[in-house]
Amino acid sequence: MPELPEVETVVRTLEQQIRDEEILKVTVRWPKAVIGDPDVFAERLQGQHFRSFGRRGKYLIFGMDDMTLVSHLRMEGKYYIQDPSEPLNRHIHVVFQLSGGKELRYHDTRKFGRMEIIEKDPDLSDFHDLGPEPFDEAYTAERIREYCRGRRAAIKSVLLEQQLVAGIGNIYADEILSACGIRPGRSCARLTQRDRQNIVDNTRLILAEAIKAGGTTIRSYTSSLGVTGMFQNDCMVHGQKICRRCGHEIKVKWIGGRSSYYCPVCQAK
DNA sequence: ACACTGACCTGCGAGC
DNA sequence: TGCTCGCAGGTCAGTG
């Protein structure tokens, strides 16, 4: 599911719904959803309140009273707020019973997502080795140049590396390169300074638009509360058959272990 | 150090 | 209908 805009959407919706609610009880139904001992996890969170809601890259950051709860949704993780009377299905792995009477439920069909308790108010600057946020001034053409020094990997693969800039995933990498007129398979060593500046500018433009649209919905993804992102309506290449700029057939190429969509005409090289 | 692969999981649609 | 295969928005460990 989620890249930066989707995670941002989840953060905002959850803040509206459960801010300052107390956790009465935590049930971990699939132990591997939690890093560390699930019993300790559940015990420590009992009595804590959801005080702040943030994001770093694709990580959700919940500020509790005495600790920080970090959650990564990976491919398919999502949070739902449901009435306890609603039946639990087999994909709900963690249940937080809340003081307001509802439950916060973590749902993850592929079981890739993880959550973890870490110290209160962590230093997020070098959290998980993440690069700057896309809207941080540290994300520049110059940074891309330095980062790619001595490397020849495809620019598409490089954009997916969270150490360069945090939050870009497969969909937005394709969309950013489409907006720049750069083929995903182009070596990062063969970018011009103008290309790098274009990448920075379009990263911000596209992510900002996507956040405004509430994220992207592909296949069955909906964020918490059934909020459905609409950005897929704006995708120029990813998941498309025909280029929405020129009408040419979209190509799909396997790059760095991911499928990459591009228009061979608009993305000349 | 870099680049690539497999592993982690389940479900869905395509093709036979 | 029922099977197998390939694929899915992410990240990390392991291999040359």
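Reminder, nothing fancy here: chain letters follow the sequence lines and each chain counts from 1.
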Which ones in residues 150-158 of chain A lie close to DNA chain B, meaning a heavy atom under 4.0 Å from one of its atoms? A/R151, A/R152, A/A153

Gap between atom OG1 of A/T68 and atom CD of A/E116 - 0.5 Å precision: 10.5 Å

With rounding to whole Å, what would you report as the distance between B/dG11 and C/dC12 at their C1' atoms? 23 Å

A/Q240 side chain to A/C235 main-chain N or O, any donor-acceptor pair under 3.5 Å? yes

Heavy atoms from C-beta onward define the side chain here; which of B/dC9, C/dG10, C/dA8 lies closest to that of A/H72? C/dG10

For B/dG6 and C/dC5, measure between their P atoms and round to the nearest Å. 16 Å

Provide the distance between the two C1' atoms, one in C/dT11 and one in B/dC12, to the nearest whole Å. 23 Å

Just by distance, with hydrogens left out, do A/E86 and A/Y80 show a side-chain donor and acceptor under 3.5 Å apart? no

Quick check on A/E142: does its CD atom have over 12 non-hydrogen neighbours (other residues, nucleotides or ligands) under 6.0 Å away? yes

Along DNA chain B (nearest heavy atom to each residue), the more 5'-positioned of A/W254 and A/Y147: A/Y147

Has A/R151 got more than 12 heavy atoms of other residues, nucleotides or ligands less than 6.0 Å from its CZ? yes

A/H128 NE2 to C/dT11 C1': how many Å, rounded? 10 Å

Quick one: does A/K120's side chain have a donor or acceptor within less than 3.5 Å of a partner on A/D65's backbone? yes

Take atom CZ of A/F112 and atom C1' of B/dA7, then tell me their distance rounded to the nearest Å. 8 Å

At less than 4.0 Å, is any side-chain N or O atom of A/R110 found next to OP1 or OP2 of B/dA7? Yes or no. no

Show me, range against range, the stems involving DNA chain B, built from at least 3 consecutive Watson-Crick or G-U pairs below 3.5 Å. B:2-8 with C:10-16, B:10-16 with C:2-8

How far, in whole Å, is B/dT5 from C/dG6 if one measures between their P atoms? 16 Å

Counting only side-chain N and O atoms of A/Q162, is one of them less than 4.0 Å from OP1 or OP2 of C/dG10? no

Below 4.0 Å: OP1/OP2 of C/dG10 and any side-chain N or O of A/R258: yes

Donor on one side chain, acceptor on other, A/Q48 and A/D66, under 3.5 Å: yes

Counting heavy atoms from C-beta on, name the nucleotide in B/dC9, C/dG10, B/dG11 closest to the side chain of A/T109. B/dG11

Worked check of salt bridge (Lys or Arg N to Asp or Glu O under 4.0 Å) between A/R56 and A/E133: CA-CA 7 Å; A/R56 178 74 173 93; A/E133 292 290 315; 2.9 Å; yes

In whole Å, what is the span from the CD1 atom of A/I35 to the P atom of C/dA13? 11 Å

Taking atom types as modelled, is there a side-chain donor on A/Y106 or A/S71 under 3.5 Å from an acceptor on the other? no

Gap between atoms CD and P, on A/E161 and C/dT11 respectively (whole Å): 12 Å

Can you say whether the rings of A/F127 and A/Y59 are parallel (under 30°), tilted (30 to 60°) or perpendicular (over 60°)? perpendicular

Nearest to side-chain heavy atoms of A/K58, which nucleotide of B/dC9, C/dA8, C/dT11: C/dT11

